[in-house]
Visitor: 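A single structure is presented below for examination.
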Amino acid sequence: MTAATDDVTGNDLSSSRRPALEAPSDRDAFAKEFRRAHRRGLRRAAWLRALLNVTGILLFLAVWEAVPRLGTWVNPVLLPPPSVVFDTFVPMLLSGEIPANILASLRRAALGFGIATATGVTAGLLTARIGLLHHVSEPILHGFRSVPSIALVPLSVLWFGIGEGSKVALVAWGSFFPIWITTFIGVRDVPAAYLRSAACLGAGRLATLLLVVLPAALPMILAGLRQGIAVSLILLVAAELSGAREGVAYMMSTGHQMFRVDIMLIGLVLLGTFGFIADRLFVALIRRLFPWYTTAS
Amino acid sequence: MSGPLIDFDRVSQIYAARDGSPVWALSDVSLRVEAGEFVCLIGPSGCGKSTLIHLLAGFLKPTSGAVRFRGRPLDGPGPDRGVVFQEYALFAWMTARQNVEFGLRMQRVSAPVRRRRALEALDRVGLRHAADRYPHELSGGMRQRVAVARALVVEPEVVLMDEPFAAVDAMTRTTLQEDLLRLWRETGVSVLFVTHNIDEAVFLAQRVVVMGAGPGVIREDLAVDLPYPRDRGSAEFGREYARIAAALARGSRGTDQSDGERRAA
Ligand SMILES: Nc1ncnc2c1ncn2[C@@H]1O[C@H](COP(=O)(O)OP(=O)(O)OP(=O)(O)O)[C@@H](O)[C@H]1O
Ligand SMILES: [Mg+2]
C-alpha cells in the first residue's frame with residue numbers, strides 16, 4: 001500500500017518555506033514549526049477580529065453620544081446619550097434591581113426553550129420516522145404553526161394567569177415550531193446511503209436512530225435550535241410586556257410608564273446582549289462538541 | 001455448504017415510473033456466484049446493475065423470482081453482505097477509525113478489541129496514520145479505502161461494490177484495484193463488482209457478466225482465465241479486453257445504440 005499521500009492543508013508556510021524533507025528529524029522539526037506558525041496565524045486573526053468588533057462598538061457609542069449633544073433637532077429626553085444611560089445603569093446594577101430582572105427573564109427563557117427543545121426534537125424525530133404519525137399530525141401542526149405566536153399572548157394569560165406559567169408556556173410554544181420543523185426536515189432528508197450503510201453493518205432501529213439519524217440530522221436540528229433561541233427572546237418580551245412583576249421587558253414597561261427613556265434603553269441593550277451572547281455561546285458549544293460539523297459545512 | 005453462495009433465480013424487478021408505467025429494470029435474470037469468486041458486472045447505463053446489487057444487499061425485494069443467499073431467501077440487509085457505495089457513505093461525524101468500528105460495535109465487540117481490529121483493518125488499506133481523521137479531511141481515494149475497510153472488518157461473505165472507484169482519478173484507481181485484489185486473496189471473500197470500465201473488469205475479475213438494457217438482462221457470462229497479478233501491457237490482457245468489448249457491442253447493437261460513449265475505458 002503506497003499511495004496514501006498526506007495532503008498538507010493550505011498555509012502560507014508551505015509555499016514560502018519548503019525544506020527538503022529528507023531525514024525524519026527534519027520532518028518533525030518542520031511539522032512543529034508549521035503547526036506553530038499555523039496557530040500563530042489563527043491567534044492573530046482572532047485578535048484582529050476582536051479588535052475590530054470593539055472598534056465597531058466604540059464607533060456606535062460615539063455616534064450615539066454625539067447626536068443628542070450636537071443635533072438641535074434631537075430631544076435629549078427622548079434619546080439620552082450613552083453617558084446618561086450609563087449613569088442610570090450603575091446604581092440600578094448595584095442595587096440588585098437589574099441582576100434580579102435579568103435572572104427572572106433568563107429563567108423563563110431557559111425553561112421555555114428547554115421544554116421546546118425536548119418536545120420539538122422528539123416530535124420532529126417521531127413525525128419524520130413514522131409515516132402514520134406524520135400524516136395524522138400534519139394538518140394540526142402546520143395549522144398551529146401558521147398562527148403567529150404573539151397572537152396567543154392574551155389567551156395564554158387567561159389560561160395560565162400572569163404568573164410564571166404563562167410566560168414559560170409562551171416561550172416554549174413559540175420556539176417549539178422552528179425546532180420541530182427543522183428536526184423533521186433534517187431527519188427526513190438523511191441520505192439513503194447512511195441508512196443503508198448502517199443496515200448493512202447490522203445496526204438495529206435504535207442504534208440507527210441514535211448513532212446515524214440523529215447525528216446526520218444534527219446540522220438541521222442545530223439550525224432550528226438557533227432559530228428557537230431568537231424566537232424565545234421575542235416571546236419572552238411579549239409575555240413580560242403583557243403583565244409581569246419582574247424581568248427585563250417588565251423593567252422597560254415601567255420605564256415607559258415613568259417616561260424614563262434611559263431605563264427603556266438599558267432594557268434594549270440588555271436584550272440585544274442576551275441574544276448576542278446566547279448565539280455566540282451556542283456556536284462555540286457546537287464547535288466544541290461537534291468538530292466535524294463546523295468544518296464540514 | 002451445498003449450492004452457490006449467491007443465487008438469482010429468474011429475477012425480475014419492475015419499478016413504477018413517475019407516470020405509473022412499468023420500468024423493467026431486470027427481466028428474468030438468473031445468476032450464480034460461488035463462494036470466493038470475483039465477479040464483475042458490466043453493461044450500458046440503465047441495464048439494472050445497481051438494481052442487482054440492491055436486491056442482493058436486501059434494500060429491495062424482487063418483483064418476481066427469488067434471490068437466495070447461502071440457499072436461503074433474503075430478508076433485508078445484514079452484515080454477511082458488505083456494501084461499498086460509489087458515493088461517499090462514510091459517516092461524516094465519525095473518524096475513520098470510528099467508521100470502521102461501527103459494524104463491530106453493532107456486534108457488541110468490546111471497545112479495546114474493536115479498536116485493535118479497526119486499526120488492523122485500516123492498516124491493511126494503508127491508512128493507519130489517518131485513523132483519527134474525519135472523512136472530510138481525507139481525499140476521495142482515502143475515503144474509499146476506509147469504506148472498503150469498514151465493509152471488510154465485519155468479515156462478510158460477499159462484498160458488493162457499485163462502481164466504487166468511479167469517482168477517483170486514474171492513478172489512485174489503479175492502486176485501489178491492486179489493494180482490492182490483495183484483500184480479496186487474503187480474506188477469501190466473494191466480490192460482486194459493478195463497473196463501466198472494461199479495463200477494470202479485465203484487471204480484476206475471474207468472471208465478467210455482460211448485461212444489456214431495455215429490459216435489463218444478462219447477455220454473456222465470460223470467464224477471464226489470466227493469472228494474478230495481471231499485466232495490462234500483455235497480449236493476453238489485450239485479447240480479453242477485446243473479447244469483452246465485442247460482447248458489449250453485440251449486446252447493445254440490438255437494443256440501445258446511445259450508450260457507446262459511456263464505455264470508453
Ligand atoms: N427507484 C426507481 N424508480 C423508477 N425507476 C428506477 C428506479 N431505480 C432505477 N430505475 C430504472 O431502472 C433501470 C435500471 O436502473 P439501475 O440503476 O439498476 O441501472 P444501472 O445499470 O445501475 O445504471 P448506471 O450504470 O447508470 O448506474 C433504469 O432504467 C432506471 O431508470
Ligand atoms: Mg448504477
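Residue numbers begin at 1 in each chain, while the letters A, B, ... track the order of the sequences.
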Visitor: Can you find a pair of side-chain heavy atoms, one from A:V212 and one from B:F91, that are under 4.5 Å apart?
Guide: yes
Visitor: Please classify the contact between B:L90 and chain A as side chain, backbone, both or neither, with a heavy-atom cut-off of under 4.5 Å.
Guide: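 Looking at B:L90, just its backbone touches chain A.
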Visitor: Where on A:A192 is there a heavy atom nearer than 4.5 Å to chain B: the side chain, the backbone, both, or neither?
Guide: neither
Visitor: Hey, does B:R150 have a side-chain heavy atom less than 4.5 Å from the side chain of A:L201?
Guide: yes
Visitor: Counting C-beta onward and ignoring hydrogens, is there a side-chain heavy-atom pair between B:F102 and A:S197 closer than 4.5 Å?
Guide: no
Visitor: More than 12 foreign heavy atoms under 6.0 Å from CZ of B:R115: is that the case here?
Guide: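 Incorrect, the count does not exceed 12.
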Visitor: Where does A:L211 contact chain B at under 4.5 Å (heavy atoms): side chain, backbone, both or neither?
Guide: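 Interface part for A:L211: both.
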Visitor: Quick one: of B:A151, B:P77, B:A147, B:P135, who has the most non-hydrogen atom pairs under 4.5 Å with chain A?
Guide: B:P77
Visitor: Taking CG in A:N53 as the centre, count heavy atoms belonging to other residues, nucleotides or ligands within less than 6.0 Å. Is the count above 12?
Guide: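 Yes, because the 6.0 Å sphere around CG of A:N53 holds more than 12 heavy atoms from other groups.
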Visitor: Say you draw a straight line from CH2 of B:W93 to OH of A:Y194; how long is it, rounded to the nearest 0.5 Å?
Guide: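 So the gap between those two atoms works out to 5.0 Å.
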Visitor: Within a 6.0 Å radius of atom CZ on A:F144, are there more than 12 heavy atoms belonging to other residues, nucleotides or ligands?
Guide: no
Visitor: What is the minimum heavy-atom distance between B:A89 and A:A193, and which atoms define it?
Guide: CB-CB, 3.8 Å
Visitor: Looking at A:A207, A:G204, A:A198, which one has more heavy-atom pairs under 4.5 Å with chain B than the rest?
Guide: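 Going by pairs under 4.5 Å, I would pick A:A198.
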Visitor: Heavy-atom pairs under 4.5 Å with chain A: which of B:H54, B:M171, B:R81 has the most?
Guide: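 Option with the top pair count is B:H54.
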Visitor: Restricting to non-hydrogen atoms, name the atom on A:G202 and the atom on B:P79 that form the minimum distance, rounded to 0.1 Å.
Guide: CA-CD, 4.0 Å
Visitor: Can you confirm whether more than 12 heavy atoms, excluding those of B:R32, are under 6.0 Å from its CZ atom?
Guide: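 No.
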